[in-house]
Number of protein chains: 2
Amino acid sequence: MTNKEIEKKLESKNVKPTAMRTLVYKTLVDSGKALSLADLEIQFEKVERSTIFRALKSFEDNFMVHPVDDGSGSVKYAVCDDDCTCNIHDLHVHFYCTRCGRTRCMKELPIPEMKLPAGYTYRKAQFIISGVCPRCD
Amino acid sequence: MTNKEIEKKLESKNVKPTAMRTLVYKTLVDSGKALSLADLEIQFEKVERSTIFRALKSFEDNFMVHPVDDGSGSVKYAVCDDDCTCNIHDLHVHFYCTRCGRTRCMKELPIPEMKLPAGYTYRKAQFIISGVCPRCD
DNA sequence: TATTTAATGCAACACTGTTGCAAAGTTTAA
DNA sequence: TTAAACTTTGCAACAGTGTTGCATTAAATA
């Protein structure tokens, strides 16, 4: 994805495309997997944790990324599809590889809707499957 | 559950029933919900974090409790059923109430088995549904 | 260009999870 | 029953994560 495309994407989501935001978002897209704040920090050594943190938050607030808590100890962020509104119907299973620590969106596996007992309201869901991924097996 | 029963339970799982362990396990059982290390610390002000931590670990290692990462920032522990081996077939959905922060085992909702793409190995899974529980609605 | 607004970097902080080590307690074996 | 061996507990410290207030810099607007 080119920088121009990234910038357009950010603008279309009402996020001003600053240099840092463009860079962070591009990194997420190009990596093809979910990245944590720490992962990103390592890639941009000169950039402040808080700056990356706030970039991620602005993406999250504007439905550009979704947080994935895969149990690794730090939340990872995965880019949303274009039409994602991060609600129940957009949710998919995430796979966490316990060998390499990579987290992948399993877009082909939507989270099944569950019939909750009376009185419970469904707002969001996380479905993480852990195991070993093909490249580690 | 009486102390005697707790002690027997611990022994049957090869965990020596010290005073602390009995207390911690009893608290988990009596609460009827999943508790975090911090939750337990509050209840036993005089007891060291690390002691409770290690008690929980020994329960976990011996399949007496299962950890639930509900996204609240701290892992909670829920007591297992007698016959639980904490493998895929014992897993159930957990419900996290975003109002009161309570986490409940939904034993009536087993985690559906998902057909993973070729090459992926299924080891364990977490399925957390967040929303509002009946007492908060 | 001057002024207002937004983004960044810095520093600090609370909290969670975790460990090494010493003290206290318990078990075992002589 | 006493000493030796082992286990559990408390204490202190630490790293990592997430988060915020504030000053500085950069960008947008009038």
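In what follows, every chain begins at residue 1, and chains take the letters A, B, ... in the order their sequences are listed. Because the structure is predicted, anything quoted here is derived from the model rather than measured. Values below: every heavy atom of this structure, side chains too, minus hydrogens, waters and symmetry copies.
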Atom [atom1] of [X] and atom [atom2] of [N]: how far apart are they, to the nearest Å?
X: A:F44; N: C:dG9; atom1: CZ; atom2: C1'; result: 16 Å
X: B:I52; N: C:dC15; atom1: CD1; atom2: C1'; result: 15 Å
X: A:L35; N: D:dG18; atom1: CG; atom2: P; result: 13 Å
X: B:Y77; N: C:dT16; atom1: OH; atom2: P; result: 12 Å
X: B:R21; N: C:dG25; atom1: CZ; atom2: C1'; result: 13 Å
X: A:E11; N: D:dA28; atom1: CD; atom2: P; result: 10 Å

Reckon [X] touches a base, only the sugar-phosphate, or nothing at all at heavy-atom distances under 4.0 Å?
X: B:R54; value: base
X: B:R49; value: base
X: A:S50; value: base
X: B:K46; value: nothing

* To do: Begin from the C-alpha positions of A:L56 and A:E60 and carry the test side chain to side chain contact (heavy atoms under 4.5 Å, CB included) through to its verdict.
  => CA-CA 6 Å; A:L56 290 171; A:E60 191 184 345; over 6 Å; no
* Asked: Given D:dG10, is OP1 or OP2 found less than 4.0 Å from the side-chain N or O atoms of B:T51?
  -> yes
* Given C:dT18, is OP1 or OP2 found less than 4.0 Å from the side-chain N or O atoms of B:K57? ->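 Yes, because at least one side-chain N or O of B:K57 sits under 4.0 Å from OP1 or OP2 of C:dT18.
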* To do: Measure distances between side-chain N and O atoms of B:S74 and base N and O atoms of C:dC15, and say whether any donor-acceptor pair falls under 3.5 Å.
  => no
* So, the side chain of A:K26 versus the backbone of A:M1: is there a donor-acceptor pair under 3.5 Å, distance only? -> yes
* Asked: Taking the nucleotide of DNA chain D with the closest heavy atom to each, which residue, A:E48 or A:A38, is nearer the 5' end?
  -> A:A38
* Asked: Quick one: which of C:dG17, D:dG18, C:dT8 gets closest to the side chain of B:F53?
  -> C:dG17
Would you say that [X] contacts [Y] through its side chain, given a criterion of any heavy-atom pair below 4.5 Å between the two side chains?
X: A:R104; Y: A:C133; value: no
X: B:Y25; Y: B:E7; value: no
X: B:D39; Y: B:K76; value: yes

* Return the 5'-most residue of the pair B:K16, B:L37 with respect to DNA chain C, ranking by each residue's nearest nucleotide. => B:L37
